[in-house]
Structures are given as structure tokens and as C-alpha cells.
Amino acid sequence: MKPLRHLLSMDDLDRDDIDYLLDLTERYVEVSERKIPRIPALRGKTVALVFFEDSTRTRVSFATAAGRLSADTLGFDVGRSSVNKGESLRDTIETISAMGIHCMVLRHHGAGAPWRVREWTDASIVNGGDGRNQHPTQALADLFTARRHLGDLNGKRVAIVGDVKNSRVARSNAIGFSKMGAEVIFVAPRTLLPASLEGWPVSVTHNLDEVIETIDVCYLLRMQLERHNGAAVPTLREFHHEFGLTAARADRLRDDALIMHPGPMNRGVEIAGVVADRPNAVITEQVANGVAVRMAVLFVLIGSRLDLVEEQSAVA
Ligand code: NCD
């Protein structure tokens with residue numbers, strides 16, 4: 001794949017890059033299944049986890065990925081940091097960089113934050129989610145999971161359902177699946193779609209029942225109530241009835257169709273509780289594969305950066 005310094009958006013990757021990363025992920029799944037799931041690939045490297053927004057799986061997943069490659073991690077918990085004393089984003093980033101880090105995983109509520117931050121540090125940046133914009137490692141974990149079950153994604157039909165407007169996962173996955181040749185359909189009420197979808201490689205429907213029998217992937221999005229400004233849907237119950245994956249709708253899916261969700265789930269809103277536990281729901285696999293995919297991303301970014309190699313041999 002082409003040399004990559006940062007991973008900020010799925011737009012940074014072309015189809016060959018994605019294939020390369022998913023193939024590398026396959027090897028790291030194998031490492032993760034070993035009795036001692038640890039290899040020395042990133043020994044001596046430090047990965048900073050800089051999270052300005054809540055996270056369970058992404059943060060733990062990156063920490064686990066770094067550990068399995070023998071990198072050190074440096075955690076930064078904004079709730080306990082000098083950000084609370086008014087320190088600016090730039091000063092915070094420069095302070096963390098001064099500790100000597102090779103990679104920074106950044107989650108920030110501002111769309112575009114990682115593009116600014118990369119100006120203030122020599123470290124490679126991985127976007128761990130910026131506002132409503134992008135979440136590329138989630139998309140890679142999802143592509144990997146879908147590919148493992150469905151094989152080549154070319155020509156597959158993927159419905160991304162629910163709160164598209166507020167979801168960085170929807171944006172990253174729409175780009176990712178369509179780069180792999182899949183057909184992406186956003187399924188949402190008008191109030192939960194962005195004002196414009198011009199240039200997006202997707203089609204749109206407001207009726208899940210219209211597509212449910214024809215899709216290979218039913219990808220449910222979390223209803224992002226914390227980003228809603230006023231009521232976007234009449235009631236959550238009504239949303240569930242119209243756009244949720246109820247048991248009755250799940251029965252109409254093709255036998256080999258996958259049910260996916262990035263987590264955290266709102267059971268009873270975008271997905272019925274019982275549906276999330278069906279055999280064709282691969283939601284916990286998405287989490288498990290997320291670790292291996294992040295190992296691949298970290299390795300590609302900092303395992304082979306020439307300036308780092310030179311820096312290391314100068315020390316040796
Ligand atoms: C997502 C996120 O934070 O963007 N969660 C995740 O990383 N798995 C999705 C969400 O919060 O809805």
C-alpha cells in the first residue's frame with residue numbers, strides 16, 4: 001500500500017490500501033488468538049490515547065492493539081486534565097507530544113479537529129472519531145467483519161439505517177463500503193439525514209420495509225440523542241416502529257444477511273433487544289475485529305515510517 005502518515009478519513013484510503021489493511025488484519029486476528037497474543041512489532045514506540053469525548057470500545061480497543069504489538073501507551077483523560085484549567089487544544093497537544101510519542105489517537109467533538117492537530121505534532125495521527133465527521137477505524141473493522149462473512153463485497157447491498165445525520169460511523173462506512181464496490185443505501189426519516197447528500201456515493205430511502213428483503217447488510221446506527229437539537233423524531237417508540245430492526249423485520253432478512261451495529265446499542269430503539277442476540281448479528285465480532293484492525297493501522301503508520309527507523313538506528 002502507499003506510505004501513510006496519518007489516518008484521518010476513509011477518503012485517505014483507496015481500494016488497494018483497504019485490501020492491504022484488511023489482509024494484514026487477518027494476520028493480527030491470528031496473533032490475537034494465540035495463547036500469548038503479543039508480538040514485538042512496535043517495541044519502543046509510544047501511542048498516546050487522547051480522548052476528549054466518551055468512549056468505551058474505541059479507547060480500550062486501541063490500548064489493546066498497541067499492547068499486542070508491544071508499544072507503550074500514554075493515556076490522557078480529559079476529565080482529569082489541565083483542559084479543565086483552561087489549557088487550549090494546541091497547548092495540550094504540544095505538551096503530550098513533548099513526552100516523545102510516535103502516534104496519537106485522537107477523539108474530539110469538533111469535526112475536523114485531527115486535521116488541525118496534525119499541524120502541531122510530529123506524531124502520526126489516527127482519527128478515533130471527530131464530531132459527526134469520520135471514524136475510519138470503525139469502518140475498517142466493519143468492512144473486515146462483513147468481508148469475513150460475505151466474501152468479496154463487490155455488488156453487495158448495504159443499508160445504513162437510522163440517525164445518519166449525526167453519525168460519523170455512517171459517513172465512514174458509506175465511503176468504505178462503496179470503495180469496496182458495495183451499493184450503499186441510507187435509510188432514515190428526512191429529519192435524520194444531512195441537509196445535502198450531494199457527492200455521496202449512496203442512494204436514500206425513507207422506507208426500511210422496501211429494502212429489507214434485498215440487502216446483504218443491515219447496519220443500524222445508534223440514535224445519537226446527545227447530538228440532537230430538539231426532537232428529530234416524534235417519539236423513540238414511533239422511530240422503533242418505523243425504522244428499528246424489529247423481530248418481524250429481522251425475520252424478513254435473507255438468511256445470510258448480517259446485522260451490524262457499531263455500539264453502544266440502544267436496545268428497543270434502533271434494534272430490538274432479541275434481534276441483537278440472533279446468530280446473524282455480528283456486533284461482538286465487530287468489537288473483536290476492531291482490535292486486530294487497529295493493530296494493522298498502528299503498524300502501517302508507525303511500524304514502517306522511515307524517519308522513525310532512522311531515529312531508532314541512531315540510538316542503537
Ligand atoms: C461510535 C462513535 O463513537 O462514533 N461508537 C464507536 O466508536 N463504536 C458510534 C456511536 O457512538 O454511536
Side-chain angles (χ1 to χ4, degrees), residues 7-11 25 49-66 75 77-79 104-114 125-146 158-177 186-188 192-194 217-229 232-233 236 239-240 243-245 258-271 276 281-295 297-298:
L7 179 59
L8 305 189
S9 163
M10 284 306 283
D11 281 323
T25 300
L49 306 170
V50 183
F51 279 65
F52 287 86
E53 241 190 24
D54 297 342
S55 167
T56 305
R57 58 218 89 217
T58 304
R59 187 188 167 110
V60 173
S61 182
F62 270 109
T64 308
D77 182 354
V78 73
M104 182 183 292
V105 181
L106 181 81
R107 171 168 285 194
H108 197 276
H109 40 83
I125 308 288
V126 184
N127 185 356
D130 64 319
R132 297 174 171 86
N133 188 33
Q134 282 284 311
H135 193 355
T137 58
Q138 178 68 47
L140 289 168
D142 298 337
L143 293 176
F144 181 81
T145 306
V158 179
I160 299 182
V161 187
D163 192 357
V164 173
K165 180 178 182 181
N166 294 298
S167 173
R168 52 196 173 211
V169 174
R171 287 168 178 75
S172 283
N173 271 296
I175 299 172
F177 274 105
F186 282 164
V187 185
L192 291 179
L193 285 167
V217 176
C218 185
Y219 195 111
L220 290 322
L221 299 167
R222 182 174 66 87
M223 184 66 107
Q224 315 234 329
L225 291 172
E226 77 279 16
R227 297 191 204 278
H228 287 198
N229 198 352
V233 291
L236 291 180
F239 174 81
H240 181 66
F243 291 94
L245 189 62
L258 302 178
I259 298 169
M260 302 182 76
H261 191 299
M265 276 186 278
N266 293 309
R267 288 178 189 251
V269 181
E270 62 268 4
I271 185 166
V282 292
I283 299 163
T284 47
E285 278 178 52
Q286 290 170 260
V287 177
N289 292 333
V291 175
V293 120
R294 289 175 176 112
M295 291 169 77
V297 168
L298 291 175

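What's counted below: heavy atoms across the whole structure, side chains too, no hydrogens, waters or symmetry copies. For ligands, and for the atoms within them, numbers begin at 1 and follow the listed sequence. This is a predicted model, so every value here is computed, not measured.
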- Item | Partners meeting side chain to side chain donor-acceptor pair (under 3.5 Å) with Gln286 (sequence neighbours left out) | Asp142
- Item | Gly128 touching ligand 1 at heavy-atom level, < 4.0 angstrom | no
- Check each atom of ligand 1 against the heavy atoms of Val169 and keep those under 4.0 Å away; list them by number with element. 1 (C), 4 (O), 9 (C)
- Query: For atom 4 (O) of ligand 1, what's the nearest protein heavy atom and its distance?
  - Reply: Arg168 NE, 2.6 Å
- For atom 10 (C) of ligand 1, the protein heavy atom that lies nearest, with its residue and separation: Arg222 NE, 3.3 Å
- Task: Show which atoms of ligand 1 fall inside a sub-4.0 Å distance from at least one heavy-atom site of Thr58.
- Result: 6 (C), 7 (O)
- Task: Record the part of Pro264 in heavy-atom contact with ligand 1 below 4.0 Å; permitted values are side chain, backbone, both and neither.
- Result: side chain
- Query: Strictly under 4.0 Å, does any heavy atom of Arg107 approach an atom of ligand 1?
  - Reply: yes
- Query: Under 4.0 Å from any heavy atom of His135, which atoms of ligand 1 are there?
  - Reply: 2 (C), 4 (O), 6 (C), 7 (O)
- Nearest protein heavy-atom contact for atom 9 (C) of ligand 1: which residue, which atom, what distance? Gly263 O, 3.5 Å
- Task: List the atom of Leu8, the atom of Pro114, and the distance in Å for their closest heavy-atom pair.
- Result: CD2-CB, 3.8 Å
- Note on the structure: Among non-hydrogen protein atoms, atom 8 (N) of ligand 1 lies closest to Pro262 O, 2.9 Å
- Shortest non-hydrogen contact from Pro262 to Arg57? O-CD, 3.5 Å
- Query: After noting the C-alpha distance and the side-chain angles of Phe51 and Thr58, does the key distance pass the side chain to side chain contact (heavy atoms under 4.5 Å, CB included) rule?
  - Reply: CA-CA 10 Å; Phe51 279 65; Thr58 304; 4.1 Å; yes
- Query: Within less than 4.0 angstrom of ligand 1, does Gly129 place any heavy atom?
  - Reply: no
- Task: Give the minimum heavy-atom separation between Ala111 and Asn133, together with the two atoms involved.
- Result: CB-CB, 3.8 Å
- Item | Arg132 and Asn166 side chains, donor-acceptor separation under 3.5 Å | yes
- Please could you name the atoms of ligand 1 that Arg57 approaches to less than 4.0 Å, counting only its heavy atoms? 8 (N)
- Option passing side chain to side chain donor-acceptor pair (under 3.5 Å) with Ser172 (candidates His135, Gln134, Gln138): Gln134
- Using modelled atom types only, decide if a donor and an acceptor are shared between the side chain of Asn127 and the backbone of Ser9 within a distance under 3.5 Å. no
